[in-house]
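Working notes, structure below.
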Amino acid sequence: MAPVLRAIFGYCFLILIVRIAGRRPGKQMTPFELVLIFFIGGCTLTAMVGDDRSLTNAVIQIVSIALTHLVIIWAKGRSAVFGRIVDGTPLVLMDHGKWHTETMNRMRIQGNDVIAMARDQGFAALDRIEYAILERNGEISIIPKSQE
Amino acid sequence: MTTVVHAIAGYFFMLLVLRVLARRPGSQMTPSDFVLVFLIGGVVLLATMENDRSETNAVLTVITVGICHRIVSHLKQRFPRVGALIDGTPLVLLKDGKWQTEAMGKAHVTDDDVMAAARSKGAKTLSQVKYAILERNGGISIIKNNG
Amino acid sequence: MPSADSESPTKPVEDSASRVDDDIAVGFDLAFQRRWWRFEFAVWTVFTTLVVLAMFGCFGRGHFAKARTAAHDGSLDVQYDRIERFGSPSVVTVTFGPRAIHGGKAQLWVSESLMNALGNQRVVPQPVEAILGDGGILYTFAATKPPATAEFALQPRAVGGANLQLRVPDSETVNARIFVMP
């Protein structure tokens, strides 16, 4: 019983932490942020496994996590509100040459992040862009101005 | 007490180590880069957790690291200088058909890396590339010549 | 004309997501996001408080967790952690007073909670004798004169409150309330 509860607790705790730690552009993740994710996962792991390093325990906990994940996915499919709570909503960062400063500050996105993403998609400068949208996975979508 | 202090120290130590290591493309990381990332994370992890395998300890460590990260991102947002210090600045590698050799040498980027990035953007030769820029996350952006 | 896949249900494609400026389809909801940001702020406030409390040792392994209790007749002085953590090593130090040592030995009775809830791993120094009974264990150490100290290395294995009682025979009982964090 205890290993199952520890696994479920660890999973839900990590979801919460990752969700509130701020969305960072997924593709733009720096190696440091990668290390950080591993680090956070590992810390939780230590407590989840505890002293029980048996194969049985590993199997039980992996299955518990997988099932919790399934339940979350199922709940996301059933309820749009729950989906928004777990994944958040896309956010408009820029439209028609105007930065949405509140959103950018709250999400800790800098103008540079958007410019980098624009460059990544081959736009030389911001004036070619109509919208910049922070997606739920942390990607920034760039929508170019339609050709006139 | 020790947990919290170790977590804070570990966070900033990792930040420093990965900042002074060569910037490698996040999306183009080679397996050896991944091994390094896991190795660094794991070693610091062991030191931070010590012999305390309690749930309390794990929760506190994770929260502490989360708070550190939040403070750092907040500082980056407030002070662009801090952002430049922690994330670096974008570097121009190729400009109008000329390699910027100093930037390439210091950043340990080879022309093969740039070629790979250019190919992934559908440029067949470097003559089609106007700019190549090493981004702060280590990715290489390619801006093609018009036409 | 019925096709092979006419059985599989379909649904017309439409933008279910709300639009910005009637132009671009994103599920953008600033009101929801503001509520979420408030929640986020609250969570971080709670978390910061937790970490500050942890710095002072309110969750074990720190200044506030350290406790000391002594028998009024001076037979025994016990240093322990009032907050322990599950499975995490710690030490209880027992100092015998002059009244506790006679005839070249010091005796100490400890309640059973030392073993089952607090998971006693070892006693330093090795007792000469350990006698079970009376809901606990009576340890006998070889001793000359004070100061004399014995240590118990604990690794708690039950979450929740535990009551540790220690006593030198025929003296006052010392009571230590210990809470084990998960």
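Lettering follows sequence order; numbering is per chain, from 1.
When B:Val59, B:Thr61, B:Ile63 are compared by the number of non-hydrogen pairs under 4.5 Å with chain A, B:Val59 comes out ahead. Between chain B and the residues A:Arg119, A:Met104, A:Arg6, the largest count of heavy-atom pairs under 4.5 Å involves A:Arg119.
Using a 4.5 Å heavy-atom threshold, the side chains of A:His96 and A:Tyr131 count as touching.
Remark: the backbone N or O of A:Arg108 is not paired with any side-chain donor or acceptor of B:Lys76 at under 3.5 angstrom. Checking side-chain atoms of A:Asp87 against main-chain N and O of A:Arg136 turns up no donor-acceptor pair under 3.5 Å. Remark: the backbone N or O of B:Ile86 is paired with a side-chain donor or acceptor of B:Arg19 at under 3.5 angstrom. Side-chain atoms of A:Glu139 never come within 3.5 Å of backbone atoms of A:Leu134 as a donor-acceptor pair (strictly under, hydrogens ignored). A:Arg19 places a side-chain N or O within 3.5 Å of a backbone atom of A:Val86 that can act as its donor or acceptor partner.
If you measure heavy-atom distances from A:Leu36 to chain B, the contacts under 4.5 Å come from the side chain alone. Using a 4.5 Å cut-off between heavy atoms, B:Met14 touches chain A through backbone and side chain atoms alike. Only the backbone of A:Phe123 comes within contact range of chain B, judged by heavy atoms closer than 4.5 Å. For B:Ile142, the part sitting under 4.5 Å from any heavy atom of chain A is the backbone (N, CA, C, O) and nothing else. Interface remark: A:Phe13 contributes side-chain atoms only to the contact with chain B (heavy atom separation under 4.5 Å). If you measure heavy-atom distances from B:Tyr11 to chain A, the contacts under 4.5 Å come from both the backbone and the side chain. The contact between B:Val44 and chain A is made by backbone and side chain atoms together, counting heavy-atom distances below 4.5 Å. Both the backbone and the side chain of B:Ser73 come within contact range of chain A, with heavy atoms under 4.5 Å apart. Heavy atoms closer than 4.5 Å to chain A are found nowhere in B:Thr56, neither backbone nor side chain. Interface remark: B:Val17 contributes no atoms to any contact with chain A (heavy atom separation under 4.5 Å).
Around CZ of B:Phe12, the count of heavy atoms belonging to other residues, nucleotides or ligands within 6.0 Å exceeds 12.
No option in A:Asp95, A:Leu91, A:Ile109 other than A:Asp95 meets the side chain to side chain contact (heavy atoms under 4.5 Å, CB included) test with A:His100.
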